[in-house]
Amino acid sequence: MSIYYTWKNFEDDEDRPEKPRRFGVTEIRGPNHTLLTQNVLQDMFESMGQFVDGLKFSGGSHSLMPKSFLQQVIDMAHQHNVYVSTGDWAEHLHRRGPSAFKDYVEECKLMGFDTIELNVTSLEVPEETFLRYVRLIKSGGLKAKPQFAVKFNKSDIPVGRDRAFGAYVPPSPRSTEFVEDVDLLIRRAERCLEAGADMIMIDADDLCKHADSVRADIIAKVIGRLGLEKTMFEASNARASEWFVKQYGPKVNLFVDHSQVMDLECLRGRNLGKNHTSVLGSSYFLF
């Protein structure tokens, strides 16, 4: 039976080295929208631990957990060589005064966190202050991961419509939503990397929420300027994961839900073609 459990050999795969990896990183969402007990996490790490690089506590969920439980989860992740990220929670520290962030970094280090994520949009601080936070994290011996959100006008995405030849299709009205200057965003991310940030998280839910309307031009510009190893994209669904792997290969860094780990790993290592629903579905086992 052991042959069935050795189908993946990272030593023979130049694109996916053994952990800890600098590229081809898979970070998963920790307890947030769904309740993950220690037993569920333990089963997940034991069965899929070699494919999981990081565990992120999204939405400040770690702040609601008892420290004893949180410590056990962090220790469990470390036993499987999985780093642990705080997620974007630092924006809630402003009300506590200027020294609160330094205390937060020290507390995260004592708890065993490896990475502190900083949400640029939520923090709403001057750029120099943000860069000082990055340096403070690095001086505390932890990894810093700034998170940037890419915003654009949804009316820029062409809408596919069935129509007769020559029929008039009215243009989509321009919305009033905020539009991010992508070049400015990239330059700010470059400054974060220069300040010591280890990786840039791109919250590109609007960019790749639907695989048939991906803003590939923006994603290509971000990767071209920052580098594939220094960027991580949030893939909100399996279709988005498939698009990223098909476009940029198994070396792309992705943040996914824990339920997508096996599908993503199969995507990284196999050519699955188009329009699959799940690589672990019934069609995957047809011979």
Side-chain angles (χ1 to χ4, degrees), residues 18-21 25-120 122-123 125 133-147 196-199 201 203 232 234-236 253-262 264-265:
E18 288 281 2
K19 296 193 299 184
R21 289 183 274 265
V25 173
T26 297
E27 184 174 292
I28 64 171
R29 181 181 291 107
N32 185 14
H33 301 293
T34 58
L35 179 63
L36 294 181
T37 64
Q38 290 187 44
N39 291 335
V40 172
L41 289 171
Q42 182 70 31
D43 292 342
M44 182 173 61
F45 287 145
E46 289 182 354
S47 61
M48 304 182 293
Q50 61 177 328
F51 311 134
V52 178
D53 298 271
L55 174 69
K56 172 182 172 179
F57 287 88
S58 299
S61 55
H62 63 284
S63 65
L64 303 176
M65 300 177 184
K67 287 189 176 182
S68 58
F69 176 83
L70 186 61
Q71 189 69 67
Q72 291 174 359
V73 172
I74 293 174
D75 292 342
M76 185 189 307
H78 288 165
Q79 290 173 7
H80 293 84
N81 201 13
V82 174
Y83 69 81
V84 184
S85 173
T86 61
D88 50 343
W89 177 246
E91 61 269 20
H92 297 277
L93 302 173
H94 288 299
R95 67 192 70 172
R96 302 181 186 176
S99 63
F101 188 80
K102 183 177 181 180
D103 296 337
Y104 174 68
V105 173
E106 294 176 354
E107 184 177 1
C108 288
K109 186 173 183 180
L110 289 175
M111 289 297 299
F113 282 101
D114 306 285
T115 301
I116 293 181
E117 190 167 299
L118 300 174
N119 192 315
V120 177
S122 301
L123 275 173
V125 296
Y133 286 169
V134 172
R135 298 187 188 99
L136 196 59
I137 294 172
K138 296 300 295 181
S139 64
L142 300 177
K143 293 184 177 181
K145 184 191 290 184
Q147 175 180 335
D198 298 271
M199 187 175 288
M201 169 70 82
D203 181 6
M232 175 177 288
E234 179 174 356
S236 55
N253 304 314
L254 295 176
F255 170 63
V256 300
D257 188 77
H258 69 277
S259 61
Q260 300 177 26
V261 172
M262 292 301 289
L264 175 57
E265 193 59 35

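Here, residue 1 is the first one in the sequence, and each next residue gets the next number.
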side-chain contact (heavy atoms from CB on, under 4.5 Å) evaluation trace for K67 with E107: CA-CA 11 Å; K67 287 189 176 182; E107 184 177 1; 3.1 Å; yes

Result of checking I28, L264, T26 against L254 for side chain to side chain contact (heavy atoms under 4.5 Å, CB included): L264

Pair V82-M76, side-chain contact (heavy atoms from CB on, under 4.5 Å): steps then yes or no: CA-CA 9 Å; V82 174; M76 185 189 307; over 6 Å; no

Spacing of CG belonging to L142 relative to OG1 belonging to T86, to within rounding of 0.5 Å: 9.0 Å

E18 versus R21, closest heavy-atom pair with distance: O-CG, 3.4 Å

Heavy-atom side-chain contact between M111 and Q71 under 4.5 Å: yes

Distance (rounded to the nearest 0.5 Å) between D257 CG and E234 CD: 10.0 Å

Donor-acceptor pair between D75 and Q79 side chains, under 3.5 angstrom: no

V25 and Y83, any side-chain heavy atoms less than 4.5 Å apart: yes

Side chain to side chain, Y133 and V105, heavy atoms closer than 4.5 Å: no

Side chain to side chain, Y104 and L136, heavy atoms closer than 4.5 Å: no

Donor-acceptor under 3.5 Å (D53 side chain, E27 main chain): no

Residues, nucleotides or ligands: over 12 heavy atoms within 6.0 Å of K143 NZ: no

Check: D203 and F255 side chains under 4.5 Å, non-hydrogen atoms: no

Distance-minimising heavy-atom pair for N119 and S122: OD1-N, 3.2 Å

Side-chain heavy-atom pair L118, F101 within 4.5 angstrom cut-off: yes

Spacing of K102 atom NZ and S139 atom OG [to the nearest 0.5 Å]: 8.0 Å

Side chains of H258 and L41 in contact at under 4.5 Å (non-hydrogen atoms): no

Atom pair OG1 (T115) and NZ (K56), whose distance is rounded to the nearest 0.5 Å: 11.0 Å

Beyond-backbone contact of Q260 with R29, side-chain heavy atoms, under 4.5 angstrom: no

Nearest-0.5 Å distance, CE of residue M232 to OG of residue S85: 9.0 Å

Donor-acceptor pair, side chain of K19 and main chain of H80, under 3.5 angstrom: yes

Heavy-atom closest contact (V84 atom, A77 atom, distance): CG2-CB, 3.7 Å

F57 CZ to L70 CG distance, which is reported to the nearest 0.5 Å: 5.0 Å

Over all atoms of both residues, closest heavy-atom pair of V134 and G196: CG1-C, 4.3 Å

